[in-house]
*Asks:* 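Once you've had a glance at the structure underneath, I'll fire off some questions.
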Amino acid sequence: MQKYTHTFENEMNDAGFLQNSTDEHRASDARNALRSWYLRHARPLPWREKPSLYGTWLSEIMLQQTRVDTGIPKWHAFQSTFPTVADLAQASEDDVMKAWEGLGYYRRARLLHRAAKVIHEAGAFPSTHADWLELPGIGPYTAAAIASIGLGEPVAAVDGNVQRVAARWNAMPLPVDAPQGAKAIQAIADAWLHHDHPGDHNQAVMEVGALVCSPKRPQCDACPLSPTCQSAHNEDLWSQLPVKKPKKKATAWELTWHVVTHKGSVVAMKRPSEGVWANLWAFPELAPPASFAHAGLLLEPVTHILTHKRITCTFHHWQAPSLGAFQAFAKENGGQAMTWTQFQSTARPRLLTKVWDDILAALGEEELR
Ligand code: SF4
């Protein structure tokens with residue numbers, strides 16, 4: 001196979017790629033190498049075994065911010081709860097949130113639910129990339145992935161993995177998350193695309209990104225793109241790619257949750273429908289009146305990172321002086337008195353589920369009865 005050694009920095013057009021026939025040959029070699037590599041190395045993921053539009057759509061939404069190992073059991077469980085798009089469309093939002101628990105980023109679940117309603121009303125799944133783009137929660141990457149895998153439409157899907165592989169392959173110095181860099185990455189992905197097998201092709205590039213061209217330790221020796229890649233075996237290059245715009249600094253959020261209890265019950269509150277953890281259940285942020293006994297802090301402050309937010313959460317324990325005072329506090333603050341088991345069956349923020357057992361242990365059996 002021809003070895004490509006020139007760099008592209010001096011000859012970038014607007015899209016940064018496909019200036020000349022060398023680019024086309026290089027892209028064609030990359031395409032063929034990806035195809036034969038994928039046929040030998042594709043992981044046997046459940047949504048690939050018996051592909052369906054519903055299963056592909058779910059997998060694409062679930063895997064947006066979730067690791068494949070976590071996504072597989074959730075994908076099976078979600079489809080047992082909602083076997084069809086009609087079941088999902090007709091479910092309550094609380095049930096959808098509950099089924100989503102453990103995956104985090106609940107906005108995805110809300111948008112999935114809204115999209116299911118649109119599909120159910122239309123009576124059929126969208127049949128083109130452009131139609132998928134019209135649905136809530138479907139951006140260019142997801143629409144391209146579903147249309148290519150589920151419908152065989154020749155559109156190149158670009159996610160974070162593809163950005164990294166393409167930026168390294170072309171030693172591209174532009175930030176991939178800025179307009180010019182994004183355009184350049186799309187041009188590379190379009191040039192690579194296998195028009196006869198677009199679904200396999202898109203999965204091949206993503207798979208190379210996930211398994212071979214990893215952020216910190218790319219395995220160029222095992223990479224099908226190595227003969228055509230500008231960064232292959234060149235740590236000075238791959239370690240700096242992809243270039244990203246400087247990140248916004250995370251803001252600090254000092255959060256206090258009040259664990260208000262009375263004889264085995266606790267006050268839970270559904271969070272507002274907008275903002276952080278919308279519609280999930282958590283503890284009140286408002287302290288109860290002075291007649292409640294402050295039993296101290298339940299845990300050391302817990303740190304939790306959300307996009308652009310660094311949360312430090314403190315859990316105060318309060319015991320209500322009477323059932324009446326307990327119920328009145330719940331009612332006045334728009335909360336609900338629940339047993340711990342009922343609270344546990346609601347959809348809760350990840351910050352809460354990750355320390356849930358520690359909270360119960362800190363309260364002790366006496367308090368939970
Ligand atoms: S050759 Fe190396 S740097 Fe290039 S795409 Fe493959 S793993 Fe990444």
Side-chain angles (χ1 to χ4, degrees), residues 1-12 16-45 47-48 63 66-72 141 145 148-149 156-177 181 184-244:
M1 187 178 284
Q2 181 178 351
K3 182 77 184 160
Y4 302 91
T5 52
H6 71 280
T7 66
F8 282 72
E9 258 181 81
N10 303 332
E11 50 189 78
M12 273 195 182
F17 191 58
L18 283 186
Q19 277 279 86
N20 54 45
S21 62
T22 308
D23 285 347
E24 285 176 21
H25 285 125
R26 195 161 71 100
S28 162
D29 284 353
R31 179 185 316 123
N32 293 334
L34 285 163
R35 174 87 188 133
S36 44
W37 180 86
Y38 188 71
L39 292 174
R40 280 179 286 126
H41 295 283
R43 283 175 291 181
L45 300 174
W47 43 87
R48 288 179 181 164
L63 294 187
T66 302
R67 291 167 51 85
V68 169
D69 322 359
T70 314
I72 290 174
Y141 159 74
S148 62
I149 298 167
V158 175
D159 71 347
N161 280 327
V162 178
Q163 283 179 338
R164 183 172 60 257
V165 177
R168 286 173 173 173
W169 184 77
N170 215 37
M172 198 198 67
L174 303 170
V176 293
D177 48 357
I185 295 292
Q186 188 68 51
I188 295 168
D190 290 345
W192 279 345
L193 185 64
H194 199 306
H195 282 243
D196 295 335
H197 305 281
D200 279 2
H201 170 84
N202 280 330
Q203 292 181 92
V205 187
M206 289 185 260
E207 200 95 326
V208 165
L211 302 180
V212 182
C213 191
S214 57
K216 298 223 168 89
R217 269 176 212 272
Q219 298 163 44
C220 302
D221 284 338
C223 180
L225 294 173
S226 164
T228 55
C229 175
Q230 300 288 320
S231 306
H233 308 286
N234 185 339
E235 186 168 355
D236 284 347
L237 275 178
W238 64 249
S239 62
Q240 295 182 62
L241 297 168
V243 175
K244 298 252 178 90

*Asks:* Please test Arg43 against Leu211 for side-chain contact (heavy atoms from CB on, under 4.5 Å), starting from the C-alpha separation and ending with a verdict.
*Replies:* CA-CA 10 Å; Arg43 283 175 291 181; Leu211 302 180; 3.8 Å; yes
*Asks:* Under the side-chain contact (heavy atoms from CB on, under 4.5 Å) criterion, do Cys223 and Val208 qualify, and how do the steps go?
*Replies:* CA-CA 7 Å; Cys223 180; Val208 165; 4.2 Å; yes
*Asks:* Check the surroundings of atom CZ in Arg217: do more than 12 heavy atoms from other residues, nucleotides or ligands lie under 6.0 Å from it?
*Replies:* no
*Asks:* At what distance, to the nearest 0.5 angstrom, does CD of Gln163 lie from NZ of Lys244?
*Replies:* 6.5 Å
*Asks:* Looking only at heavy atoms, which two atoms of Ser148 and Asn202 are closest? And how far apart?
*Replies:* OG-ND2, 2.9 Å
*Asks:* Can you sort out the partners of His194 under side-chain contact (heavy atoms from CB on, under 4.5 Å), two or more places apart, ordered by chain and number?
*Replies:* Arg31, Arg35, Asp196, His197, His201
*Asks:* Could you state the interatomic distance from CG (Leu225) to CG (Asn170), rounded to the nearest 0.5 Å?
*Replies:* 11.5 Å
*Asks:* I'd like to check His233 versus Asp221 (side-chain heavy atoms, cut-off strictly below 4.5 Å). Are they in contact?
*Replies:* yes
*Asks:* Trp47: what forms a ring pair (Phe, Tyr, Trp, His ring centres under 6.0 Å) with it, not counting sequence neighbours?
*Replies:* Trp75
*Asks:* Between atom CG of Leu241 and atom CG of Asp236, what is the distance when rounded to the nearest 0.5 Å?
*Replies:* 10.5 Å
*Asks:* Any side-chain heavy-atom pair from Trp169 and Val205 closer than 4.5 angstrom?
*Replies:* no
*Asks:* Could you tell me which non-hydrogen atom of Ala210 sits nearest to which non-hydrogen atom of Arg164, and how far apart they are?
*Replies:* N-NH2, 4.4 Å
*Asks:* Could you please spell out the steps behind the side-chain contact (heavy atoms from CB on, under 4.5 Å) verdict for Ile188 and Asp190?
*Replies:* CA-CA 5 Å; Ile188 295 168; Asp190 290 345; over 6 Å; no
*Asks:* What's the shortest heavy-atom distance between Trp192 and Ala30, and which atoms?
*Replies:* NE1-CB, 3.6 Å
*Asks:* With rounding to the nearest 0.5 Å, note down the distance linking CH2 in Trp238 to SG in Cys229.
*Replies:* 11.5 Å
*Asks:* Could you state the interatomic distance from CD1 (Ile185) to CE (Met172), rounded to the nearest 0.5 Å?
*Replies:* 4.0 Å
*Asks:* How far apart are the closest heavy atoms of Ala156 and Leu193, and which atoms are they?
*Replies:* N-CD2, 3.9 Å
*Asks:* Hey, does Val162 have a side-chain heavy atom less than 4.5 Å from the side chain of Tyr141?
*Replies:* no
*Asks:* Return the minimal non-hydrogen interatomic distance between Ala189 and Val158, and the atom names on each side.
*Replies:* CB-CG2, 3.7 Å
*Asks:* What residues, two or more places apart in sequence or in another chain, satisfy side-chain contact (heavy atoms from CB on, under 4.5 Å) together with Arg67?
*Replies:* Asp69, Thr70
*Asks:* Hydrogens and angles aside, do Thr228 and Asp29 bring a side-chain donor and acceptor to less than 3.5 Å of each other?
*Replies:* no
*Asks:* Would you find a donor on one side and an acceptor on the other, under 3.5 Å apart, between the side chain of Ser226 and the backbone of Ala222?
*Replies:* no
*Asks:* If only atom types and distance count, is the side chain of Arg168 paired as donor or acceptor with the main-chain N or O of Ser231 below 3.5 Å?
*Replies:* no
*Asks:* When you measure from the side chain of Asp159 to the backbone of Asn161, do you find a donor-acceptor pair of N or O atoms at a distance under 3.5 Å?
*Replies:* yes
*Asks:* Which pair of heavy atoms, one from Ala157 and one from Met206, lies closest together, and at what distance?
*Replies:* CB-CE, 4.4 Å
*Asks:* Going by heavy atoms in the side chains, are Gln240 and Pro173 under 4.5 Å from each other?
*Replies:* no
*Asks:* Output the distance between atom CG (Asp200) and atom CD (Glu207), rounded to the nearest 0.5 Å.
*Replies:* 10.5 Å
